[in-house]
Each structure stands twice: as C-alpha cells, then as structure tokens.
Amino acid sequence: MIHFTYHAPTKIVFGKNSELQCAQLLQEFDAHKVLIHYGGSSALRSGLLHRVCQCLQDAEIPYITLGGVQPNPRLSKVNEGIALVKEEAIDFILAVGGGSVIDSAKAIAYGCVNDGDLWDYFDKKKEITGALPVGCVATMAAAGSEMSNSCVITNENGWFKKGLSTEFGYCRFAIINPELTYTLPAYQTMSGCTDILMHTLERYFTKEDTLDLVDQIACTLMRDVIKHARILLKDPKDYQSRSEIFWASELSHNGITGDRSLGDWACHQLEHELSAVFDVAHGAGLAAVWGSWARYVIDQAPERFAQLAHFVFDIDELPDKKEMGLKGIKAMETFFQEIGMPTSIPQLGITLNDSQIDELAEKCCHFHKRTIGGIQKLDYTDIKAIYSLANQSEA
Ligand code: NZQ
Ligand code: ZN
C-alpha cells in the first residue's frame with residue numbers, strides 16, 4: 001500500500017544576497033524583538049553577522065545576539081539561550097549558521113514555551129506543545145534543518161545526543177544564499193554532501209511500497225549531489241554547484257524524497273552515538289558506518305540495493321541482485337573516499353576498544369529498550385556487530 005504524509009511549511013528565499021531580505025521576512029512573520037543566534041566565528045569572519053545586524057538596525061527591529069554554538073550543539077548553550085530569551089522578552093529567534101546553530105535555535109524556542117527540564121522532552125518523557133517562531137540564514141548545505149521538523153542536541157551530562165521532531169519544529173523561513181558556503185573548508189563541504197546523500201538513502205531504504213516517482217527523485221538527487229560534489233572538490237566557488245548542493249540538502253530532508261517516518265534511519269542512530277562521544281562531523285560519521293551497515297542488512301532488501309546501484313552508479317543489471325547491490329555499496333564507498341570521507345571508524349581518527357563498542361551499542365539501543373532501523377530491526381547484538389565491522393580499518 002502506498003501511504004505517506006508530506007508537509008513542508010517553510011518559506012524559502014534562495015539566491016545571491018538573499019540575506020539582505022531578513023528584516024523584511026522578520027516583519028512578515030511579526031517579529032518584535034529578535035535573538036540572533038550564531039556559532040563559533042565563521043559568520044563573524046565572513047561579515048555575514050554584521051550584514052544581518054545592519055538589516056535589523058535599518059528596519060528598526062530590536063535584537064540581541066548570542067553566539068558560541070558548537071558543532072554537535074550542547075544543551076548548556078540552549079539553556080543559556082532560554083534564560084536570555086525569557087529575560088529579554090524576545091519573540092523570534094533568527095539562527096545564522098549551519099545545522100548546529102539552527103538546531104540550537106529550535107531547542108531554545110521549545111524551552112521558552114514548554115515548562116521544566118528541556119531534556120525531558122528529548123527523552124520523550126513529556127510532549128512538546130508549542131515553540132517560539134524560528135527563522136534562519138543558512139550557511140551550510142548539510143543537515144537540512146532549515147526545512148526539517150527536527151532538532152538534534154547533545155546533553156553533556158552523560159554525552160547523549162538525541163533528536164526531537166515535532167509539528168512545531170519547522171523554521172518559518174529559511175534564507176539560502178549559496179555564496180555563503182564558499183568559505184566552508186572542503187572537509188565540511190564534503191561532510192555536508194554525505195549527509196545530504198544519507199538523508200535520501202535513509203528514506204530510500206524502506207520496507208513500505210514506494211512510488212517510482214519518489215525513487216527516481218531520490219536517485220536523481222543522489223546523482224546530482226555526486227556530480228556537483230566532484231565539481232566543488234576542484235572549484236569551491238562554482239555557484240551553480242553550490243546552488244545544486246544547497247537545494248539538494250533541502251529536498252533531501254523536506255519529505256520530497258520520501259516520508260521520514262517510513263525510512264530506515266539506523267545509520268543516523270549509529271552515528272549520533274559516535275558524534276556525541278567523539279565530537280566528529282556528522283556527515284563524516286555517517287560515511288564511516290554506512291558501508292558496514294549496508295553489508296550487514298543487504299539480504300533484507302537486495303532488490304533495493306540493486307536498483308540503487310543501477311540508477312545512481314550505472315551498474316549493469318545482473319541476475320544476482322545481491323551481487324549487483326554489493327557493487328553499488330562499493331561504488332558509494334569509492335565515492336566517499338574520492339571526496340575525502342572515511343569509510344571506517346579508524347579513518348575518523350578513532351579506534352574503538354571493546355568497552356567503547358559496548359558503551360556505544362548500549363546507548364544506541366537505549367539500554368535494551370529499543371531497536372533501530374527499518375529494513376532490518378537491529379538490536380544491541382546487531383548494533384555491536386555493525387560497530388565492530390566499521391571499526392576494522394579496511395571496512
Ligand atoms: O561555528 P562556526 O564558526 O560557524 O563554524 C561551523 C562549524 O565549525 C562551520 N561553518 C558553518 N557554516 C560555515 C562554516 N565555516 C565556514 N563557512 C561557512 N559558511 O562548519 C562547522 C560545522 O557546522 P555545523 O552547523 O555543526 O554543521 P552541520 O550543518 O552539518 O550540522 C550538524 C548538526 O546537525 C545535526 C547533526 O547531528 C549535527 O549536530 N543534524 C540535524 C538534523 C536536523 N535538524 O534535521 C538532521 C541531521 O541528520 C543531523 O543529525
Ligand atoms: Zn543527517
């Protein structure tokens with residue numbers, strides 16, 4: 001049976017200099033006092049933060065700023081933001097940065113409206129009932145938080161990284177100027193490209209019936225990301241390729257390549273434990289585990305793996321769908337290596353010992369309270385086996 005939900009309410013303003021429309025958009029969404037939230041130093045160094053502040057000043061929109069969001073954003077910064085927003089009677093949060101800044105802004109927005117310890121909501125002990133409005137000036141094509149309803153935060157108390165997806169988690173608007181991504185280091189650009197591919201793959205690997213149209217959109221999107229990532233390796237200032245990749249990051253996580261709730265998502269769960277503890281770049285962490293996951297589960301969906309191999313990597317039809325699918329897995333890994341991404345955990349600069357593998361697996365299965373994955377339900381033993389496979393340097 002074909003069934004899905006599609007909901008993508010975020011207004012997108014795309015193109016060169018689009019950040020100069022931020023004041024106009026804030027007025028459109030009835031902002032009276034704004035928190036401008038940003039990360040480490042990239043938005044300061046590029047002059048973007050200054051331009052955004054100037055727009056608000058010119059439009060006489062009061063604002064305060066809060067920077068210092070780290071990659072894999074931390075709960076302590078979120079709590080600092082919640083206190084500040086309440087104290088200053090802020091009614092709109094404008095994130096200027098990558099996925100970490102946008103997620104931190106979303107978490108602050110939740111914490112201002114929902115009482116008590118915010119982490120209880122990430123732990124699913126309580127249900128979110130609303131949020132302050134959030135908009136963003138996105139500086140990185142990767143997480144797709146601009147159009148997703150998700151927010152992923154790391155709690156330093158125990159180093160747990162958890163996502164929260166609710167109907168209140170969408171940005172009101174997202175400003176996307178591909179030129180803003182010119183300053184990204186190559187590793188971050190390619191980590192972003194990997195995350196985009198993975199958001200599409202996680203949806204593609206579903207046990208549900210799918211529409212050919214959706215599969216074809218997914219495969220075309222992946223071909224496009226692969227093609228333009230290769231161009232950006234050589235020319236990071238190719239505007240066409242930056243634009244292709246940025247729009248792909250939105251489409252890969254706004255539901256058009258498949259309903260998120262029907263997808264697999266095991267690799268994201270495996271990766272979140274890695275970045276929670278070792279603070280690795282999310283996309284790189286995904287590349288490090290994907291091949292091991294894929295080989296572990298391929299028997300559950302050889303046809304889907306074979307189709308992926310054919311449509312994304314032009315692999316010839318073979319009678320043995322598993323053999324064909326394995327060629328596709330190898331081709332994806334070869335692409336990851338070509339763009340400087342790891343295909344094993346040691347290539348992330350970490351070699352796990354047995355007790356670390358155990359710790360990650362325990363956390364990932366929520367201490368034996370859940371399984372992960374869709375095409376194959378993975379329990380603690382499976383998760384441990386996949387981490388062990390990915391921990392071999394030649395994985
Ligand atoms: O902090 P600054 O100085 O801004 O530097 C950042 C950071 O060091 C830098 N950067 C961002 N834009 C830049 C730039 N440097 C130069 N020029 C620019 N234009 O890049 C580094 C990484 O930034 P970050 O925001 O952490 O990257 P990304 O966008 O990949 O976000 C990763 C986070 O999003 C979560 C991940 O788990 C991770 O915590 N995710 C969020 C999702 C969602 N909300 O829907 C879905 C994803 O699957 C993902 O889990
Ligand atoms: Zn992701």
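When a ligand or atom number is given, it counts from 1 through the structure's own listing order. Worth saying up front: this structure is predicted, and the values here are computed from it rather than measured.
Residues Ser249 and Glu146 are in side-chain contact: their nearest non-hydrogen atoms beyond the backbone lie under 4.5 Å apart. Proximity of Phe335 to Val225: side-chain heavy atoms (C-beta onward) are nowhere separated by under 4.5 Å.
Not one N, O or S atom of Glu271 sits under 2.8 Å from the Zn ion (ligand 2). Residue contact annotation: His253 places no N/O/S atom under 2.8 Å from the Zn ion (ligand 2).
Close contacts between ligand 1 and Pro71 involve ligand atoms 7 (C), 8 (O), 26 (O) [criterion: under 4.0 Å to a heavy atom]. The contact set between ligand 1 and Lys161, taken as ligand atoms under 4.0 Å from a residue heavy atom, comprises 36 (C), 37 (O), 38 (C), 39 (O). If you number the atoms of ligand 1 from 1 as listed, the ones under 4.0 Å from a heavy atom of Asn72 come out as 38 (C), 39 (O).
Contact annotation: for Ala142 versus ligand 1, heavy atoms closer than 4.0 Å belong to the side chain alone. Heavy atoms of Ile102 found under 4.0 angstrom from ligand 1: none, in either backbone or side chain. At a heavy-atom distance under 4.0 Å, atoms from both the backbone and the side chain of Thr139 approach ligand 1. Under 4.0 Å from ligand 1, not a single heavy atom of Lys106 appears. Contacts between His268 and ligand 1 below 4.0 angstrom, taking non-hydrogen atoms only, involve the side chain exclusively. With a 4.0 Å heavy-atom cut-off, ligand 1 is reached by the backbone of Ser42 and by its side chain too.
At a 4.0 Å cut-off, at least one heavy atom of Pro73 sits close enough to ligand 1 to count as contact. In this structure, Glu271 falls outside the shell of residues with a heavy atom less than 4.0 angstrom from ligand 1.
Residue-to-ligand polar distances place Ser145 within reach of ligand 1: an N/O pair is separated by less than 3.5 Å. In terms of N/O distances under 3.5 Å, ligand 1 is not approached by Val152. Considering backbone and side-chain N/O of His199, one or more are found under 3.5 Å from N/O of ligand 1. Between Leu180 and ligand 1, a contact under 3.5 Å exists for at least one N or O pair. Residue contacts with ligand 1: Gly40 is placed with a nitrogen or oxygen under 3.5 Å of a nitrogen or oxygen of the ligand (distance criterion only). Annotation: Thr181 places no N or O atom under 3.5 Å from an N or O atom of ligand 1; distance criterion only.
In this structure, Arg172 does not pair ionically with Glu28, as no charged nitrogen and carboxylate oxygen lie closer than 4.0 Å. Salt-bridge annotation for Asp358 and Lys384: present, with a side-chain N of the basic residue lying under 4.0 Å from a carboxylate O of the acidic one.
Taking the ring axis of Tyr182 as reference, the NZ or CZ atom of Arg242 does not stay both within 45° of it and closer than 6.0 Å to the ring centre. Taking the ring axis of Tyr239 as reference, the NZ or CZ atom of Lys16 stays within 45° of it and closer than 6.0 Å to the ring centre.
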Next item on the list: Kindly indicate, with the supporting measurements, whether the criterion ring-ring contact (aromatic ring centres under 6.0 Å, His included) is fulfilled by Phe160 and Phe122.
Entry: CA-CA 10 Å; Phe160 292 101; Phe122 282 82; over 10 Å; no
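For atom 49 (C) of ligand 1, the nearest protein heavy atom is under 4.0 Å away.
Summary: OD1 is the N/O/S atom of Asp195 found nearest to the Zn ion (ligand 2).
The NE2 atom of His282 and the NE2 atom of His199 subtend an angle of 170° at the Zn ion (ligand 2), given to the nearest 10 degrees.
Taking the six-membered ring where the residue is Trp, the centroids of Trp293 and Tyr387 are separated by 6.0 Å or more.
Distances from atom 16 (C) of ligand 1 to the heavy atoms of Val280, Thr183, Thr194, Asp195 put Thr183 nearest. Between Ala281, Ala43, Gly97, Ala143, it is Ala143 that holds the heavy atom closest to atom 42 (C) of ligand 1.
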